[in-house]
Amino acid sequence: MRRKVFSGIGERKRVRFDSMVSMMSATRTISAFLLLIICSSLTRAFPIAKILFHGNVHLTNSQLLDAISENTLKRSVSNTSEELLVVEQAKQAIEKTYASAGYLYARIDSFHIGLAVPADSTQGFQLDFFIFEGVQYHVSSIAIRGSVLFTEHDLTIKMTTVPGEILKETILQDDISKLLALYEQYGYPLAKITIDAIIPRYDTTANKGLLDIHLRVVEGPRAKIGKIVILGNETTNENVITRELALKSGAYYNADELTAARERVERLGFFESVSEPELYLDHDSSVLIMLRVKEASTSAIDGVLGYNPPANATESGYLSGLVDLSLRDISGTGRNATLHYDRTTASTQTIEVTYLEPWLFGYPVNLNGGFSQRQQDSTFTETSASGNLSLALTQDIRIIGTLSYDRVIPSNQDSMAFSVYDSRTITTGLSASIDTRDNSIAPRSGVVGLLGASYGRKAIYGPAQYIDSSTPSSIGLSTVSLDASGYHTLFSSKIVGVIGLHARSITPTGGLLDGSDLFRVGGIFTIRGYSEEILLASRYAYANLELRFMMSQLSYFNLLFDGGYLVKDSTVSSPAEQPQYPMSYGMGAQLESPLGIIAVSIGLARGVPITQAIFAFGLVKQF
């Protein structure tokens, strides 16, 4: 997090080695006094053809050559000033390399420039360096003064720089940053750590150099949260952001809580970016927190179109697809609404409307309501109304309670076999969800899942011609469901493995299931390579496996494999069937484009010819 402080208190100082550098520079001599110029009357520029080192014992020639930049090695010289520039650049690189290896007082005693091939300047020049390495210095001790919250041991065990190791400037900087992060975690974001001194000494007994490092801590006051300032929210109301932050003015500052608060705002999905919080010391010694956001397009239209080839020569293929219209953050209030339409088969379609009211009565409870109607080919029409309350237990986990009403009206069945009851079902359920994905569109890590159970009571009213004394007036329906997906990088950040597990089971009590109770499986959102909802089951479990090759943050090419197990128990119109083991494979891609996110895929079920492959095309456009 970026920290800026008012009231004359300066920003954290960058770790420097000023004291050590000043001591080293005092012992080194500028080799210009020993300059021996062979070709002072050059009129043409010729390259440095060779660089030789003399006196280097602990560092090899190749290590020293690697330290000198390629530009320096390729530079041509034509006069004395250019010679001195090349020498100075090489000299600095060599001395820096020695210092990083612990030879703090290594120096170049002298150098020599001459022709690489005597009497032939066209072959370039040879540069010789005569080096004095000195002794290697190691860290002897680390002393930390000024800490009250932690003991010296508590701090030094967090450091990578330890006695016996060679001192590295970058590692010591990282160590100090880690210690400051520790103070911040415990409520002291304004703490400062500076280097008092780095004192070199020589151990004549062991014949080696030693360094004593002295650090000083200024802890500052334990910070309390003051004002919270939001910048950049042009559409979203400020209270939508602050309620998600859930930070209370006057509470003690905690770095982990602030990090979690920022992530909650990111997960709203309303912003293109959410900056790291900036901390300022206010006039009353409280910490002002400033959060900068950049609004994103929060509404989207999502379309998917699939082609299902004919099963045999007497049939014709048909198109299936869906359209989703999502309105998020309506008028900057955080409210969401969606409109969904899908045409699963040539004679099956669904329309659904949902609405989300977040933070009901100012509590972290969301109220979600929905209405849908489904025309299942020529068999029945199902109308549903549902509502749920979800409570956030943690940043990633929610508990959801549901209540729904379903009305099933059979089509005119005089000319067809009986398959569904005229029924009304009231269902209650409880589920838990988790979402730790780093990105909802193309995640590279995390899991998302929903585990639920429900019980419904189904009242039967007809059709009258199929009701007799043995027909139950009502049936109990118990359902258990699991939907989970996990994402993880494999071998590199460009390869992502995806595994999805999905399972459902419905069990009747007091009667048999009918056709409206069965689960419908198959298609681009379940087992790819099969026609939409072609498989019927009362119990199923299947897995989706993917290997994604990332091309950008949201674009990838993927290979896929789906397989599962399905069982259809006895229903009022058909006996139990043998278990099925569907399996499919295919490939696809998701691409960012000016039009939006484009997704394409092809899936092929096991045992069918390539002409029966299922093609799908999707587009998500935000506006």
Side-chain angles (χ1 to χ4, degrees), residues 1-7 9-12 177 180-192 220-299 328-336 356 358-359 362-366 392-398 435-441 443 446 553 622:
M1 277 169 279
R2 288 180 285 179
R3 297 165 182 81
K4 299 181 181 178
V5 184
F6 295 147
S7 306
I9 300 178
E11 291 183 289
R12 290 179 177 176
S177 295
L180 291 173
L182 180 65
Y183 272 101
E184 181 179 337
Q185 183 181 350
Y186 281 82
Y188 292 82
L190 305 176
K192 299 178 182 179
R222 185 178 181 186
K224 289 186 176 182
I225 297 174
K227 296 178 182 178
I228 298 175
V229 178
I230 310 296
L231 299 178
N233 53 316
E234 299 175 358
T235 302
T236 306
N237 296 339
E238 184 172 312
N239 73 299
V240 172
I241 301 173
T242 55
R243 74 188 181 192
E244 208 67 34
L245 288 171
L247 299 173
K248 295 182 180 179
S249 180
Y252 282 113
Y253 169 87
N254 182 286
D256 292 339
E257 290 181 1
L258 186 58
T259 299
R262 174 183 172 272
E263 291 176 354
R264 286 194 296 271
V265 174
E266 272 190 319
R267 287 196 175 189
L268 286 172
F270 302 160
F271 306 106
E272 186 177 315
S273 64
V274 180
S275 70
E276 291 288 342
E278 300 174 24
L279 307 181
Y280 296 84
L281 182 63
D282 216 339
H283 63 277
D284 59 355
S285 297
S286 64
V287 174
L288 180 147
I289 299 175
M290 181 178 292
L291 190 70
R292 301 177 188 271
V293 299
K294 183 178 180 181
E295 297 274 8
S297 300
T298 55
S299 297
R328 299 184 303 155
D329 197 22
I330 299 172
S331 299
T333 61
R335 297 183 175 96
N336 295 349
L356 172 68
W359 284 78
Y363 294 97
V365 176
N366 294 346
L393 297 183
T394 69
Q395 180 171 323
D396 304 320
I397 300 174
R398 302 187 75 91
D435 190 350
T436 65
R437 293 173 297 175
D438 61 339
N439 182 301
S440 62
I441 299 177
Q553 183 179 0
Q622 293 186 322

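Nothing fancy with the numbering, it's 1 onward along the sequence. The figures here come from the full heavy-atom set of this structure, side chains too, leaving out hydrogens, waters and symmetry mates. Owing to the predicted nature of the structure, the values given are computational and were not obtained by experimental measurement.
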Those residues at least two apart in sequence (or on a different chain) that pass salt bridge (charged side-chain N to carboxylate O under 4.0 Å, His left out) with D329 are none

Taken in chain and number order and not counting sequence neighbours, the residues that satisfy salt bridge (charged side-chain N to carboxylate O under 4.0 Å, His left out) with R222 are none

inquiry  = I'd like to check I289 versus L245 (side-chain heavy atoms, cut-off strictly below 4.5 Å). Are they in contact?
reply    = no

G226 and S249 have their tightest heavy-atom pair at O-OG, 3.5 Å

Those residues at least two apart in sequence (or on a different chain) that pass ring-ring contact (aromatic ring centres under 6.0 Å, His included) with Y183 are F150

Those residues at least two apart in sequence (or on a different chain) that pass side-chain contact (heavy atoms from CB on, under 4.5 Å) with A392 are R398

Under-4.0 Å salt bridge between E276 and R292: no

- State, yes or no, whether a side-chain contact exists between V240 and F270 at a heavy-atom distance under 4.5 Å. yes

Sorted by chain and residue number, the side chain to side chain donor-acceptor pair (under 3.5 Å) partners of T333 (sequence neighbours excluded) come out as R335

With sequence neighbours left out, the residues meeting side-chain contact (heavy atoms from CB on, under 4.5 Å) with Q553 are N439

Residues at least two apart in sequence or cross-chain that pass side-chain contact (heavy atoms from CB on, under 4.5 Å) with E295, listed by chain then number, are N233, E234, T235, T236, F271

Beyond-backbone contact of W359 with V365, side-chain heavy atoms, under 4.5 angstrom
no

Sequence neighbours excluded, the answer for salt bridge (charged side-chain N to carboxylate O under 4.0 Å, His left out) partners of R437 is D435

Can you check whether N254 reaches Q185 side chain to side chain, under 4.5 Å on heavy atoms? no

Taking every heavy atom of R328 against every heavy atom of L268, the minimum-distance pair comes out as NH1-O, 3.9 Å

By side chain to side chain donor-acceptor pair (under 3.5 Å), R262 pairs with (sequence neighbours left out) E266

side-chain contact (heavy atoms from CB on, under 4.5 Å) filter on D396, not counting sequence neighbours, yields R267, T394, I434, T436

Close side-chain approach of L279 to L258, heavy-atom, < 4.5 Å: yes

Is any side-chain heavy atom of L291 closer than 4.5 Å to a side-chain heavy atom of L231? no

Applying side chain to side chain donor-acceptor pair (under 3.5 Å) to E257 and not counting sequence neighbours gives none

K294 meets the salt bridge (charged side-chain N to carboxylate O under 4.0 Å, His left out) criterion, sequence neighbours left out, with E272

Tightest non-hydrogen contact, residues K227 and D282, listed as CD-OD2, 4.2 Å

